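We count residues from 1, following the sequence as given. Keep in mind that this is a model prediction, so the values were computed, not measured.
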Amino acid sequence: MSNCTPGTASTISCNRGMCNITLRGPQCFCEDTDLYWYQDDRCASRVSKVAVGLGMAVAVLVIVVIVLSVLLFLARRSGSLNM
């Protein structure tokens with residue numbers, strides 16, 4: 001019996017992972033680590049790598065649009081003052 005044995009009083013809950021006994025003791029090994037980052041050692045809270053990548057791409061796109069809009073506004077404003 002160990003902390004990885006289901007149904008015991010001291011069972012470790014690995015949520016989205018599997019509990020295995022290692023040299024350091026019982027540890028949770030999270031599933032789908034190629035798709036998600038896990039924020040804790042019990043696999044409870046995960047963040048999608050794809051969502052982070054898409055969010056970063058959208059944020060960069062929004063910043064580029066804002067910068068270009070400001071530059072266009074300034075160019076039109078200075079162009080109309082020179083005429």
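If you check the gamma sulfurs of C14 and C19, they are not less than 2.5 Å from each other.
Residue V64 is not grouped with residue M56 when hydrophobic side chains (ILVMFWY) are merged at heavy-atom distances under 4.5 angstrom, including chains of intermediate members. L54 and V47 fall into different hydrophobic clusters, defined by Ile, Leu, Val, Met, Phe, Trp and Tyr side-chain heavy atoms under 4.5 Å apart, directly or through other members. Residues V65 and F73 fall into different hydrophobic clusters, defined by Ile, Leu, Val, Met, Phe, Trp and Tyr side chains chained together at heavy-atom separations under 4.5 Å.
Between the CD atom in E31 and the CG atom in N15 there is a gap of 10.5 Å [rounded to 0.5 Å]. Separating the CZ atom in R77 from the CG atom in L72 is a distance of 13.0 Å, to the nearest 0.5 Å. Here Y36 contributes atom OH and S45 contributes atom OG; the two are 12.5 Å apart, rounded to the nearest 0.5 Å. Note that the OG atom of S69 and the CG atom of L74 stand 10.5 Å from one another [nearest 0.5 Å].
Side chain of R42 to backbone of S13: no donor-acceptor contact under 3.5 angstrom is found. Looking only at distances, no side-chain donor or acceptor of T11 sits under 3.5 Å from a matching main-chain atom of N3. When atom types are taken as modelled, the side chain of T5 and the backbone of T8 share no donor-acceptor pair closer than 3.5 angstrom. D40 places a side-chain N or O within 3.5 Å of a backbone atom of C43 that can act as its donor or acceptor partner.
With a 4.5 Å cut-off on side-chain heavy atoms, C28 and D41 do not count as touching.
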Quiz item: Taking it one step at a time, do L35 and K49 satisfy side-chain contact (heavy atoms from CB on, under 4.5 Å)?
Solution: CA-CA 6 Å; L35 297 175; K49 292 179 181 180; 6.0 Å; no
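A cation-pi arrangement is absent between R46 and Y38 under the rule of less than 6.0 angstrom and at most 45 degrees off the ring axis.
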